[in-house]
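Reviewing the structure listed below.
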Amino acid sequence: MSKGLTSRSEDYSQWYNELVAKADLAEHSAVRGCMVIKPYGYSIWEKMQAVLDQKFKETGHSNAYFPLFIPKSFFSKEASHVDGFATECAVVTHYRLKNDGNGNIIVDEDAKLEEELIVRPTSETIIWNTYKGWIQSYRDLPILVNQWANVVRWEMRTRLFLRTAEFLWQEGHTAHATAEEAIAETEQMLDVYADFAENWMALPVVKGKKTANERFAGALDTYCIEALMQDGKALQAGTSHFLGQNFAKAFDVKFTSKEGKQEFVWATSWGVSTRLMGALIMAHSDDSGLVLPPKLAPIQVVIVPIYKGEEELSKISEAVDVIIKDLKKKGISVKYDDRDTQRPGFKFAEYELKGVPVRLAMGGRDLENNTVELARRDTKTKETVSRDGIADRIELLLEEIQQSIYHKALQFRTENTKKVDSYDDFKKALDETPGFIAAHWDGTSETEAKIKEETKATIRCIPLNNEQEEGVCMVTGKPSSQRVLFARAY
RNA sequence: CGGGGUGUAGCGUAGCCCGGUAUCGCGCCACAUUUGGGAUGUGGAGGUCGUAGGUUCGAAUCCUGCCACCCCGACCA
């Protein structure tokens with residue numbers, strides 16, 4: 001591991017790339033656009049999965065699994081859906097290879113599929129084709145299913161975690177008897193995502209609705225949570241879609257109502273992906289490396305012994321054992337790094353890079369004084385404290401760190417959210433102080449497109465429960481009843 | 001996919017213009033001394049120069065194709 005990290009101010013993109021690599025989160029694979037998620041990175045993802053999975057189950061959902069491959073014809077059934085995904089699909093056309101006689105393995109042209117298979121970019125079509133067989137009566141509803149899966153979107157330009165050709169995610173797909181129920185489900189899941197982002201990832205998010213331009217292909221309404229990264233760019237961290245009856249109509253999924261009428265089923269879908277890893281990294285980390293919220297850190301506490309000789313090490317280890325037992329009793333994950341192949345300073349730097357929230361160091365002095373050095377990753381402060389009640393102290397500290405990094409991120413977002421009233425000020429703000437910009441907009445797709453064309457900023461969302469305020473569109477001067485949130489985005 | 005750039009040991013690089021089998025640093029291995037913020041010394045290992053062709057007596061170096069990555073656009077979770 002080489003020393004140092006490019007600083008954020010020097011080159012934010014490079015800082016991010018180096019951090020992902022040096023903190024052992026992920027690396028590029030031999031496959032275009034696809035990453036290898038390394039064990040440390042994957043363990044963070046697993047923590048996220050575990051929390052989300054529990055939340056899905058608490059809200060009545062069950063997990064299921066649908067095929068990786070989707071017959072091409074399924075895609076043509078929902079017109080706007082195919083438009084949205086057609087340009088980024090991986091397609092399977094053959095099912096066999098052969099030896100060409102010169103020692104080369106080639107595709108066997110005789111093994112062409114009758115119908116091509118699409119590697120799923122999202123699963124609405126295969127799932128709604130399946131739901132057709134599951135739903136006859138209102139008694140069969142609702143269906144509340146989630147799937148943990150990989151999907152493929154053949155992106156032109158990729159970045160580790162933020163945009164890869166293959167990514168891991170969960171996609172919930174629910175079926176309801178009424179529009180009201182489906183909308184309530186869409187909103188409920190948005191709340192689940194927001195709660196997860198804020199209380200687990202320590203990432204403040206704005207809940208809102210997408211404009212028509214930014215809506216999911218096939219949705220009537222797309223709700224989202226939007227977060228602000230340290231470089232002032234926005235990141236869509238999760239989406240929840242109200243799909244109306246679009247997919248039910250496309251796949252002819254009807255049910256008999258209480259009144260004996262045939263009606264189309266109402267649908268939702270919602271998802272978050274390994275992109276959340278990117279959000280987590282960019283939201284909190286600093287020029288020394290990753291900063292992880294304690295609730296998602298695979299290792300919450302690391303203990304480093306500082307010793308001269310094996311005898312001293314064994315005495316320290318004895319004292320450390322007591323602390324480890326107390327921490328484990330509280331369900332705190334702790335690692336004791338007594339490797340004698342690395343020196344303490346090296347270990348300090350390494351665990352800072354990996355974002356371990358709390359570090360204890362114990363040496364000969366501490367042994368004598370019944371103390372330990374307690375360091376917190378987020379503020380990089382350290383103090384020597386008594387070992388009495390250390391586990392309680394750490395338990396509180398972890399909670400404090402969780403709160404502290406949330407508030408730091410929230411303060412950053414507050415400072416970088418500006419109200420702007422003229423288009424000139426808007427452009428100036430984008431270039432000089434990037435962040436969220438709340439501005440009036442006339443509500444038309446044309447104006448939105450013009451702003452995007454000219455400034456590369458998009459409407460991230462129309463915040464839910466948005467403050468109503470009379471004003472005029474900053475571009476066209478037409479009347480507007482509320483401000484919407486703009487930003488340049490990932 | 002369009003424009004620009006890069007690819008030499010695990011990582012970062014020199015050499016390329018002007019062709020003759022590769023430089024340096026970090027890391028790695030062994031031993032010794034070390035250990036309260038990325039140790040030091042001595043010795044050692046590690047390379048089909050991204051890849052496939054071409055030119056040439058000879059290619060890291062010149063030419064062509066392909067692949068990957070980075071930056072800027074378009075697209076996107």
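Every chain is numbered from 1 and lettered A, B, ... according to where its sequence line falls, protein lines coming before strand lines. The analysis underlying the following values was restricted to heavy atoms, covering all of them including side chains, and did not include hydrogens, waters or symmetry mates.
Using a 4.0 Å heavy-atom distance criterion, A:R359 is classed as a base contact. Within 4.0 Å (heavy atoms only), A:E352 reaches at least one base atom of the nucleic acid. Nucleic acid contact class of A:G364 (heavy atoms, under 4.0 Å, all strands): base. Counting non-hydrogen atoms under 4.0 angstrom, A:G33 reaches the backbone sugars and phosphates but no base. A:E373 comes within 4.0 angstrom of a nucleotide base, judged by non-hydrogen atoms across all strands.
Rounded to a whole Å, the CG atom of A:D83 is 15 Å from the C1' atom of B:C76. If you take NZ of A:K22 and P of B:G27, they are 13 Å apart, rounded to a whole angstrom. Per the geometry, CG belonging to A:D337 stands 14 Å off P belonging to B:G36, to the nearest Å. Spacing between atom CD of A:E124 and atom P of B:A77 amounts to 12 Å, rounded to whole angstrom units. In this structure, CG of A:N17 is placed 17 Å from P of B:A68, rounded to the nearest angstrom. Whole-Å rounding puts the A:E88 CD to B:A77 P distance at 7 Å.
Comparing B:G37, B:G73, B:C76 by their closest approach to the side chain of A:K456 singles out B:G73. Residue A:R153 has its side chain nearest to B:A77 when only B:G37, B:C70, B:A77 are considered. Residue A:A361 places its side chain closer to B:G36 than to any other of B:A77, B:G73, B:G36. Listed nucleotides B:A77, B:G36, B:G38 differ in distance to A:R163; the shortest reach to its side chain belongs to B:A77. With distances taken from any side-chain atom of A:S273 to the nucleotides B:A77, B:G38, B:C76, the minimum falls on B:A77. Nearest to the side-chain atoms of A:I306 among the listed nucleotides B:U35, B:C75, B:A77 stands B:U35. Of the candidates B:U35, B:A77, B:C71, B:U35 carries the atom nearest the A:Y307 side chain, counting heavy atoms from C-beta on.
For B:A39, one of the phosphate oxygens OP1 or OP2 lies less than 4.0 angstrom from a side-chain nitrogen or oxygen of A:R343. Residue A:K452 places at least one side-chain N or O under 4.0 Å from the OP1 or OP2 atom of B:C75. The side chain of A:R365 places no N or O atom within less than 4.0 Å of a non-bridging phosphate oxygen (OP1 or OP2) of B:G36. In this structure, A:S13 reaches the B:C71 phosphate: one of its side-chain N or O atoms is under 4.0 Å from OP1 or OP2.
For the pair A:K38 and A:Y42, the cation does not sit on the ring face, since its NZ or CZ is not both under 6.0 Å from the ring centre and inside 45° of the axis.
Shown here, B:G73 forms a base pair with B:C1; the pair counts as Watson-Crick or G-U wobble because both key distances fall under 3.5 Å. Across all strands shown, B:U6 forms a Watson-Crick or G-U wobble pair with B:A68, both key distances being under 3.5 Å. Here B:C24 sits opposite B:G12 as a Watson-Crick or G-U wobble pair (both hydrogen-bonding atom distances under 3.5 Å). The partner of B:U42 is B:A30, judged by Watson-Crick or G-U wobble contacts that both fall below 3.5 Å. When both distances must be under 3.5 Å, the Watson-Crick or G-U wobble mate of B:G58 does not exist. Base pairing annotation: B:C49 forms no Watson-Crick or G-U wobble pair, as no partner gives both donor-acceptor distances under 3.5 Å.
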>> ring-ring contact (aromatic ring centres under 6.0 Å, His included), that's the test. Do A:H81 and A:W128 meet it? Break it down for me.
In response: CA-CA 13 Å; A:H81 193 65; A:W128 278 86; over 10 Å; no
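B:U64 adopts an anti glycosidic conformation, its chi angle falling more than 90° from 0.
Counting atom types as modelled, A:K382 pairs a side-chain N or O with a base atom of B:G37 as donor and acceptor under 3.5 Å.
With respect to A:D191 and A:K207, a salt bridge is recorded, a charged nitrogen being found less than 4.0 Å from a carboxylate O. Ion pairing between A:R376 and A:E400 holds under the 4.0 Å rule for side-chain N and carboxylate O.
When each of A:G238 and A:V372 is assigned the nucleotide of RNA chain B with its nearest heavy atom, A:V372 is the one assigned upstream, toward the 5' end. A residue-by-residue look at A:F348 and A:H28 shows that A:F348 has its nearest nucleotide of RNA chain B further toward the 5' end.
The aromatic ring of A:W169 does not stack onto the base of B:A77, failing the criterion of a centre distance under 5.5 Å from the six-membered base ring together with planes under 30° apart.
When only modelled atom types and interatomic distance are considered, A:W270 and A:E185 share a side-chain donor-acceptor pair under 3.5 Å. A donor-acceptor pair shorter than 3.5 Å cannot be found between the side chains of A:E373 and A:T384.
Closest non-hydrogen pair, A:Y40 versus A:A23, comes out as CD2-O, 3.3 Å.
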